[in-house]
Amino acid sequence: MGAFCLIRSHGCGKLNKANKGQKVTLAGWVDRRRDHGGLIFIDLRDRDGKVQVVFNPEISKSCHRTANQLRNEYVISTSGQVALRPPGTENKKLASGDVEVVADSIKILNESRTPPFYINEDSEIDENIRLKFRYLDLRRPHMMNNLLLRHRVIQFMRNYLDNIGFVDVETPILIKSTPEGARDYLVPSRIYPGKFYALPQSPQQLKQLLMVAGVEKYFQIAKCFRDEDTRADRQPEFTQLDIEMSFIDEEDILTLLEGLFTSLIETIKPDVNIVKPFARLDYAKSIELYGTDKPDLRFGMEIGELSDIAQQTDFAIFHDTLQNRGRVKGICVPGCAGYSRHQFNEINDIAKDAGAQGIITISLDSLGKSLDELTIGDIKSVAAKYLTIDQVRDMAISLGAKAGDLLLIIAGDNDLANTVLGKLRLELGYRLNLANPNKYSFVFIENFPLFEKSKESNYYQPMHHPFTSPREEDMKLLDSAPEKVFGRHYDLVLNGYEIAGGSIRIHKSDLQRKVFHLMGYSDNEVEQRFGHLLEAFNYGAPPHGGVAAGIDRILMLMAQEATIREVIPFPKNQNAVDVLFDAPSSVSEEQLAELNLLLRL
RNA sequence: GGCCCCGUGGUGUAGCGGUCUAACAUGCCACCCUGUCACGGUGGAGAUCAGGGGUUCAAAUCCCCUCGGGGUCGCCA
């Protein structure tokens, strides 16, 4: 740790045979004490790791006496000689396990209460307690590693982009509320009574203005704020790698992303397997095959269309569905023909939770046979008596099934069938361990519709955001059939998580105005909310586009954590509460008065 | 706002109508121990079973409500 450390000469975890005989001074926390009466061992821990320190009364009586008072998490500094451990007592589990420090002086820098949970072992602890004592939680090596990983990833991104000509520009945190999209966090203005700043949901408009300014290649590690409900992969404030470029098209951005993420993972996680080149999938295709626009491509189990086969059967449920413009679709669950009653119930529950009325299961309970040898007696299904063996075989072939597999079939509305089967695919795929945790399966999702019809109003709302450019060839459809227009938008998905999204932007004010109008904004509203952007486009705005990547999610995946909170040093809980600071909290009457605020509760 | 899961010494779990005066592991405290490393040994302290109400002769256990936590749908331009 070097030059700046006044009371230490080395990091604990960095000591090894090469330091043999050196006199060192260490500082850190007592990870564990082993008192043998005559001899006391301490594992001393700092950011770099651990090393064993020996207190021998024959070396120093007073040190040994002091070591006797030590407890876990006491902060000490100690000096002594690095010695090879006696043969046979090396500890292979410890990086510094070949050596130990024989202490000849020790100072207790601070005592510690017994911590509310274990720092020195990795066990499940109630998250509320962890968050309340986050400074202790982060002291655990596991969390410290996540924190250091975060540092290395962000450092890598900065260097990578700097090397290819990108400029890091900071944008303000106090800006203007531009409703639509997510709810804003508002900050009252003291100087202007009754007026508010908003925290940025993302630096979107600012980076576009930087393109107008001529920055050409911009990036920022940007904090974003959205006042929406949390999820395992969503927090009220989160961090994006924000990128924008001028004079480029989609391919330039996809190439940049592929290069950046490939070399990021290869540098920081050299042992994992990246599927290269990154896959590409149409939005519509993704929905049809995986029931989602963020598919996990580490395993197959694709959704298959069975409507044509269903049409030929004598099964009333199939016919009713098809008559009502519904579809019959299915997936194959490999090797699960022998599922128990209980397991079938679970599958049924998943399907119902996802909105299905029911699910039809067909067990090809005939292990060892080929599909050709199947007989109707091998088929276990409530629908068996309405199906011929040829129909079952055709379904099995459509879904890529073999004997011993389980077919799950949903009859219903197309969207619903996709959603339900997509959910079952994920759930069962994970249960069957089909998703290799060391595989990084990136996929670009392309060709999103520009708009979707709003449920509440008669207007259109953007799939991505209102600044996304329509495809050139669809421009004329904007007036006649906006729902048929495709946007120049793309997402990057990794192992079932959307980790980046971007687009080529609109850079002309008349087109931007038209899109706002389709969203239902009046001229007046457009001027009020986005006048600054439209005006900027009138002064030589270059064509441009960019992307924003969710750094917390990327880190979550790299650290193999189940939630984003594990890679955020000080996250909020599911109810958006910071339990360490107890925020949000009340403020004094004086503070409210100064802001001209009156609470209406 | 809806749905699902969880709440038992400091921590993690067991117990799921009576045997609970609540068990186990670890941690904590005291003493013993010179080669351990999740050290070992002996002894000890530590729990209104989240809170409230109900059912019952009897509730940690069953039911209802509240609170807290997690997951998810809605929401997230």
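All chains are named by letter (A, B, ...) in the order of the sequence lines, taking the proteins before the strands, and each is independently numbered beginning at 1. Source: prediction; values computed, not measured.
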Using a cut-off of under 3.5 Å, enumerate the N/O to N/O pairs linking the protein to nucleotides 1-4 of chain B.
none

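Counting only residues at least two apart or in different chains, salt bridge (Lys or Arg N to Asp or Glu O under 4.0 Å) contacts with residues 134-146 of chain A comprise A/E73-A/R139, A/D122-A/R140, A/R130-A/D137, A/R134-A/D137, A/D137-A/R140.
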Name the atoms and distances for all side-chain donor-acceptor pairs under 3.5 Å in residues 92-102 of chain A, with sequence neighbours left out.
from: A/S96; atom 1: OG; to: A/K50; atom 2: O; distance (Å): 2.7
from: A/E100; atom 1: OE1; to: A/Q52; atom 2: NE2; distance (Å): 3.0

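Across all strands shown, B/G7 pairs with B/C67; the Watson-Crick or G-U wobble distances both stay below 3.5 Å.
As judged by a 4.0 angstrom heavy-atom cut-off over every strand, A/T468 is placed among residues making no nucleic acid contact.
Non-hydrogen atoms lying under 4.0 Å from RNA chain B are contributed by nothing in residues 509-517 of chain A. RNA chain B lies under 4.0 Å from no heavy atom of any residue of residues 483-502 of chain A.
In this structure, of B/U72, B/A38, B/C76, it is B/C76 that holds the atom nearest to the side chain of A/R226. Distances from the side chain of A/I129 to the nucleotides B/G68, B/U11, B/G74 place B/U11 closest.
Atom P of nucleotide B/A77 and atom CG of A/D242 are separated by 14 Å, given to the nearest angstrom. Taking atom CG on A/L426 and atom P on B/G71, their separation rounds to 17 Å, with Å as the unit.
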*Scan nucleotides 26-36 of chain B nucleotide by nucleotide, 5' to 3', and note B when protein non-hydrogen atoms come under 4.0 Å of the base, S if they reach only the sugar-phosphate, - if neither.*
BSSSS--BBBB
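Once rounded to the nearest 0.5 Å, the distance linking CE of A/M463 with CG of A/D491 reads 9.0 Å.
The closest donor-acceptor contact from the side chain of A/R45 to the backbone of A/G28 lies at 3.5 Å or more, if one exists at all.
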